[in-house]
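Have a look at the structure below before the remarks.
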There are 2 protein chains.
Amino acid sequence: MEDSDSYILESQIGFVMRRVVQRHIAIFSSLIPDLTPTQFAALVKLCELGQASQNELGRLTSMDVATIKGVVDRLRGRGLVLAEPLASDKRRLTLTPTPQGKVLFRKLVSRAREVSQQTLSPLSEAESQQLMVLLRKLG
Amino acid sequence: MEDSDSYILESQIGFVMRRVVQRHIAIFSSLIPDLTPTQFAALVKLCELGQASQNELGRLTSMDVATIKGVVDRLRGRGLVLAEPLASDKRRLTLTPTPQGKVLFRKLVSRAREVSQQTLSPLSEAESQQLMVLLRKLG
DNA sequence: TAAAAATTGTTTGTGTACAAATAGACTGTG
DNA sequence: CACAGTCTATTTGTACACAAACAATTTTTA
């Protein structure tokens, strides 16, 4: 292949996305030091649902069973989420946000919006919309 | 705030990107089971440069000092990269790809291109270009 | 030149992320 | 009813990713 040396790392979608995600996470943790993006996502979803089993919550937040377990454990450890065995299905763990969890969620929502906004700040409004549309097709 | 409940997780740039990255990594490891995306990035860059210090390589591949160390250690462990202390600066570790590392790189380049292509396959050519332009602004 | 500042690499600790294996519990079908 | 398959949660192991602290070495600069 005569073009075997023309692989530009910096032009690969994976590499570029890794950098964008890094920047996003940096913005997130500067605006919301209380929680990680993943923890916040789980809390958001649980507040939205009211309650869910652990696996269910994982599915809805795109987290692996092992990953969601760790995330939920940490949220429980901080008193933001309550876990109770479900009588009608002994396999399941029913998760609910605690009052504390709900308060924190409400406190952080506006900050979270700011995180998204700041992440997209190098783009115009139209470009941001464009980007979201395109990314959605890849998700 | 009357809009405090209108935080749609699925519409946030961070959430969507996490999902896209997940998909990309899945494609990568199905096409290139030999290396992780990060390891491949480091190998690519090192082959391109011929040689580099560890920190330098980290900077050029957007990896933290602790991260690049782990990645390089694993590449060294597999005989793909050689590390030698630099006489003229005793702090530095000079990294070079081994012949084996170069061979593997050349063998995987076309697959790597396929990874990018497959990741972008839900988009048209024009859309892909558009996306890359937009992401580049956020990187 | 001597002290301050910066750089390189290492280590430790925390937090995703996924694969694979396991145990216990449910569901469906024969 | 039994049992095969499915589902939930846990555990273990590997691999990023970053913060913070450290030692050893340059480099600056006063």
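When reading the values below, keep in mind they use all heavy atoms of this one structure, side chains included, and skip hydrogens, waters and symmetry mates. A, B, ... follow the sequence lines: proteins, then strands. Residue 1 opens every chain.
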- C:dT8 OP1/OP2 closer than 4.0 Å to side-chain N/O of B:R59: yes
- Between C:dT14 (P) and A:L35 (CG): distance, integer Å: 17 Å
- Query: Want to settle it: does A:D89 or B:R74 sit nearer the 5' end of DNA chain D, counting the closest nucleotide to each?
  - Reply: A:D89
- Between C:dC26 and A:R92, is there an OP1 or OP2 to side-chain N/O distance shorter than 4.0 Å? no
- Message: Applying a 4.0 Å non-hydrogen cut-off, can you work out what B:T38 is touching in the nucleic acid: base, sugar-phosphate, or nothing?
- Response: sugar-phosphate
- Item | 4.5 Å side-chain heavy-atom contact, B:I32 and B:V115 | yes
- Query: Going by atom types only, do B:Q12 and A:S116 share a side-chain donor-acceptor pair under 3.5 Å?
  - Reply: yes
- Item | Separation of C:dG9 P from B:L86 CG (nearest whole Å) | 9 Å
- Message: Strictly below 4.0 Å: does A:R91 bring a side-chain N or O up to OP1 or OP2 of D:dT10?
- Response: no
- Task: Let me know the distance between CZ of B:R76 and C1' of C:dT10, rounded to the nearest Å.
- Result: 12 Å
- Please work out if B:T36 contacts a base, only the sugar-phosphate, or nothing of the nucleic acid, heavy-atom cut-off 4.0 Å. sugar-phosphate
- How would you label the contact of A:K69 with the nucleic acid (heavy atoms, under 4.0 Å): base, sugar-phosphate, or nothing? base
- Item | Greater than 12 external heavy atoms within 6.0 Å of B:R23's CZ | yes
- Residue pair B:V72, B:L93: steps toward the side-chain contact (heavy atoms from CB on, under 4.5 Å) verdict: CA-CA 11 Å; B:V72 165; B:L93 213 51; 5.9 Å; no
- Item | Spacing between B:Q39 atom CD and D:dC16 atom C1', to the nearest angstrom | 9 Å
- Position toward the 5' end of DNA chain C (nearest nucleotide), A:V71 or B:V65: B:V65
- Query: B:Q22 side chain N/O closer than 4.0 Å to the phosphate oxygens (OP1, OP2) of C:dT16?
  - Reply: no
- Winner on side-chain proximity to A:T67, out of D:dA9, C:dT12, C:dC18, is C:dC18
- Rounded off to whole Å, could you give me the CG-to-P distance for the B:N55 and C:dG9 pair? 4 Å
- Item | Of the listed nucleotides D:dC16, D:dT25, C:dA17, the one nearest the side chain of B:R18 | C:dA17
- Give a yes/no on whether any side-chain N or O of A:S53 is located under 4.0 angstrom from OP1 or OP2 of D:dA9. yes
- Task: Among D:dT25, D:dA9, C:dT11, find the nucleotide with the atom closest to the side chain of A:Q54.
- Result: D:dA9
- Identify, between A:S62 and A:S88, the residue whose nearest nucleotide on DNA chain C lies closer to the 5' end. A:S62
- Euclidean distance, atom CD1 of residue B:I25 to atom P of C:dC18 [Å, nearest integer]: 7 Å
- Rounded to the Å, how far apart are B:D64 CG and C:dT7 C1'? 15 Å
- Report yes if the distance between the aromatic ring centroids of B:F40 and A:Y7 is under 6.0 Å, otherwise no. yes
- Message: Tell me the interatomic distance from A:I68, atom CD1, to C:dC18, atom C1', rounded to whole angstroms.
- Response: 14 Å
- Would A:V21 and B:I25 show up in the same hydrophobic cluster when neighbours are defined by side-chain heavy atoms closer than 4.5 Å? yes
